[in-house]
Amino acid sequence: MHIPLLQDILILLGFSAIIVFVLQKLKLPSIIGFLLTGIVIGPYGLSLINAVEEVEVLSEIGVILLLFVIGMELSIKQLASIKKTIFIGGFLQVGMTAIVTGVIYYFLGYSWNESVFVGFLFSLSSTAIVLKTLQDRKEILTPHGRNALAILIFQDIIIVPMMLITPLIAGESTNVGMSILSLVVKSVIVIVITLISARYIVPKLMHAVAKTNSKELFLLVTFTLCFAIAFFTSEIGLSLALGAFIAGLIISESEYSHQATSIILPFRELFTSFFFVSVGMLLDLSFFLDKIPTIMLLVLLVFITKSIIASIAVAALQYPTRTVLLTGLSLFQIGEFAFILSKVGIEYNLLSAETNQYFLSVSIVSMMLTPFVIIFSERIVNNFIGVSKKMGVAPTLVLDKNISKIGDLNLENHLIIIGYGINGSNLAKAAAASNIPFVVIEMNAETVRQEKFKGLPIIFGDATQDHILEAVHLSDARAAVIAISDNTATKTIIKNIRYHSESLYLVVRTRYVKETSELIALGADEVIPEEFETSVQIFTHVLQNFLVPEDDINLLVDKVRADNYQLFKGELKHPKTYRPKNITDFNITCLRLNSDSNMFLGKPLKELNLRAVHGINILGIKRKNEVLDSIHPEEVLKQGDIIYVQGNQNKIEQFHKIIK
């Protein structure tokens with residue numbers, strides 16, 4: 001039995017594997033490989049694919065799964081924290097891009113309705129490529145990553161009104177008011193359903209499924225939720241991708257989101273590859289090669305225009321220069337939803353065949369350049385700021401009204417906290433409780449406003465900038481802690497701090513142990529990698545359970561940290577001192593006497609005869625904050641006591657059931 005689609009998928013996967021393998025050897029992003037695969041095997045290349053429409057359907061599944069996973073990795077609370085960027089930043093970016101592009105197109109001699117529609121097309125960026133690249137680089141939760149995500153979410157929402165307005169622009173519809181009203185009502189319904197499902201329905205459903213211990217059922221329910229909500233939003237006139245993102249947000253509110261993400265990821269990688277290949281198939285190679293000078297000039301204009309406009313939109317929200325520029329560079333390309341909108345434009349004669357090919361060529365080239373621009377964006381921004389300083393031009397795009405206020409404080413011998421996330425806020429609380437003077441530098445304007453209102457000594461600013469460090473009196477500080485998730489920014493901040501002060505005690509938080517050595521070499525006194533501090537806590541508790549002496553455990557912990565975690569990286573052999581050959585072979589368990597009606601309470605141990613009746617020995621009792629390690633036969637057990645018992649594991653479990 002011959003299945004044409006199976007043959008096409010085989011060709012697609014085979015070429016993808018070869019091209020991506022070659023690009024990986026050249027250390028180039030895999031997204032480029034998928035786009036090149038589409039160009040090679042598509043109808044304008046070698047014409048090896050016949051079921052183009054079926055491949056496009058598979059690619060849409062890839063976009064759905066991509067947005068679903070991104071939704072699961074966020075939360076409704078996190079999304080609410082960037083609502084200002086979504087609606088204000090997104091509106092400014094889309095609005096200004098559409099106006100600027102439309103005006104340019106109009107002055108080129110085209111009609112106003114065509115100009116407005118082309119403005120719509122060029123205002124959209126690639127959700128799939130930008131978020132995939134940022135996710136691969138672990139930059140989704142950085143300030144510029146969150147801004148890019150927020151603006152892309154707004155674009156995914158605004159695409160629906162654009163599609164509704166297109167017939168009106170073309171003069172084919174007069175009832176757009178009712179369409180927009182209907183869209184608003186539908187959006188409110190979706191929001192209400194999302195909140196109710198996230199809080200009450202889905203957590204209970206996922207818990208019931210998880211209790212079955214069936215991986216197959218968990219997988220089926222996760223996929224069903226994803227596609228059901230995506231289908232629902234599509235049916236009521238919203239986008240599939242938006243529905244998938246909402247589905248991910250709903251699941252993110254349950255404790256099973258991490259497991260759901262882990263089982264979805266392999267499928268997401270497969271289907272998103274179909275998406276990028278399908279995009280590559282759209283490029284008409286003969287047209288591209290014939291018009292390449294014009295196309296590349298247009299790509300350059302799009303890069304400059306969209307980057308500047310996106311930067312202005314973020315600057316209006318009072319983000320620092322570095323975040324503003326990084327966000328702008330992330331959103332310069334034309335996105336996949338513009339392809340969907342372009343089909344509507346062709347249907348209503350708002351886009352000619354030649355203009356559409358120019359649009360497709362510019363879009364695909366900009367998509368292919370996106371991973372490279374994001375990879376080198378840090379270098380581009382740093383060079384821009386450096387050149388600006390040398391030219392005597394202030395690189396700050398945001399006037400920070402809060403900096404001058406910090407000068408009123410008499411800061412001396414104080415602590416500087418850079419970043420007010422979980423680690424930074426906890427450190428601030430500890431410093432306040434210990435009467436240690438401190439000041440916080442934070443780049444989230446809303447957070448700064450809220451915390452300053454509460455009386456927290458906090459300023460808005462980018463700690464990579466010298467004048468921000470001077471504003472918090474760095475030269476007079478005793479210690480500083482860098483508690484941000486952006487590793488590149490962290491390295492720049494360390495260099496700047498050491499330029500101003502060699503003696504200041506500098507502690508740096510990082511996510512991965514592999515970054516530790518470089519950060520110390522740059523000037524950090526202490527580097528705390530989150531992944532291995534977790535490991536330290538785990539092995540400490542495990543060794544305690546095996547009754548390894550506390551002194552040996554503490555020596556091992558000190559050795560691990562002193563050697564920059566080399567022990568965990570396999571670069572050191574385990575010293576015999578820390579490797580006991582004989583682990584104690586008897587069971588000791590800690591139990592708590594909670595019940596006030598326990599038959600063991602209030603009686604001397606000699607009357608209970610625990611060894612003879614229950615087969616256990618009580619080795620110690622912890623009562624409140626006091627440990628009784630010398631147990632007498634007359635000792636009486638009390639409610640709330642923690643008892644350390646030794647014996648056969650089955651006997652201990654039976655005894656535990658009795659005392660519950």
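Reckoned from all heavy atoms, side chains included, excluding hydrogens, waters and symmetry mates.
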Around atom CZ of F21, are there more than 12 heavy atoms from other residues, nucleotides or ligands closer than 6.0 Å?
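Open.
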
When you measure from the side chain of [X] to the backbone of [Y], do you find a donor-acceptor pair of N or O atoms at a distance under 3.5 Å?
{"X": "S366", "Y": "I334", "value": "yes"}
{"X": "Q155", "Y": "G90", "value": "no"}
{"X": "S234", "Y": "F231", "value": "no"}
{"X": "D290", "Y": "S286", "value": "no"}

Work out which heavy atom in [X] is nearest to a heavy atom in [Y]; give both atom names and the distance.
{"X": "A150", "Y": "I86", "result": "CB-CG1, 3.5 Å"}
{"X": "I151", "Y": "G89", "result": "CG1-C, 4.1 Å"}
{"X": "I484", "Y": "A489", "result": "CD1-CB, 4.0 Å"}
{"X": "C226", "Y": "A247", "result": "CA-CB, 3.9 Å"}
{"X": "T323", "Y": "H144", "result": "CG2-N, 3.8 Å"}
{"X": "V130", "Y": "A148", "result": "CG1-CB, 4.4 Å"}

Side chain to side chain, [X] and [Y], heavy atoms closer than 4.5 Å:
{"X": "S30", "Y": "L23", "result": "no"}
{"X": "T37", "Y": "F276", "result": "no"}
{"X": "F68", "Y": "F227", "result": "no"}
{"X": "V373", "Y": "F303", "result": "yes"}
{"X": "T101", "Y": "S123", "result": "no"}
{"X": "M281", "Y": "I49", "result": "yes"}
{"X": "L351", "Y": "I346", "result": "yes"}
{"X": "I169", "Y": "F120", "result": "yes"}

Is there a donor in the side chain of Q333 and an acceptor in the side chain of T370, or the other way round, less than 3.5 Å apart?
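Q333 vs T370: donor-acceptor pair found between side chains.
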
Taking it one step at a time, do I364 and L282 satisfy side chain to side chain contact (heavy atoms under 4.5 Å, CB included)?
CA-CA 8 Å; I364 292 172; L282 298 172; 4.2 Å; yes

Not counting sequence neighbours, list each pair that qualifies as a side chain to side chain donor-acceptor pair (under 3.5 Å) and has a residue in residues 294-309.
S125-K306

Say you draw a straight line from [atom1] of [X] to [atom2] of [Y]; how long is it, rounded to the nearest 0.5 Å?
{"X": "L519", "Y": "N487", "atom1": "CG", "atom2": "CG", "value": "5.5 Å"}
{"X": "F376", "Y": "N383", "atom1": "CZ", "atom2": "CG", "value": "11.5 Å"}
{"X": "F274", "Y": "S16", "atom1": "CZ", "atom2": "OG", "value": "8.0 Å"}
{"X": "F117", "Y": "T355", "atom1": "CZ", "atom2": "OG1", "value": "11.0 Å"}
{"X": "I19", "Y": "L35", "atom1": "CD1", "atom2": "CG", "value": "10.5 Å"}
{"X": "L298", "Y": "F359", "atom1": "CG", "atom2": "CZ", "value": "12.5 Å"}

Candidate pair T85 and F154, rule side chain to side chain contact (heavy atoms under 4.5 Å, CB included), full reasoning
CA-CA 9 Å; T85 309; F154 181 84; over 6 Å; no

Listed partners of V299 passing side-chain contact (heavy atoms from CB on, under 4.5 Å), at least two apart
I295, V362, V365, L369

Which residues satisfy the side-chain contact (heavy atoms from CB on, under 4.5 Å) test with S115, sequence neighbours excluded?
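With sequence neighbours excluded, S115 shows a side-chain contact (heavy atoms from CB on, under 4.5 Å) to Y105, Y106, Y110, given in chain and number order.
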
Pick out which of T488, D486, D462, N382 makes a side chain to side chain donor-acceptor pair (under 3.5 Å) with R322.
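Single side chain to side chain donor-acceptor pair (under 3.5 Å) partner of R322 among T488, D486, D462, N382: D486.
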
Test L283 against M368 for side chain to side chain contact (heavy atoms under 4.5 Å, CB included), laying out the working first.
CA-CA 12 Å; L283 185 65; M368 293 182 72; over 6 Å; no

For L46, run the side-chain contact (heavy atoms from CB on, under 4.5 Å) check against V40, I41, I11 and tell me which one passes.
V40

Output, in order, the C-alpha distance, side-chain angles, deciding distance and verdict of side chain to side chain contact (heavy atoms under 4.5 Å, CB included) for T490 and E515.
CA-CA 11 Å; T490 297; E515 299 166 350; over 6 Å; no

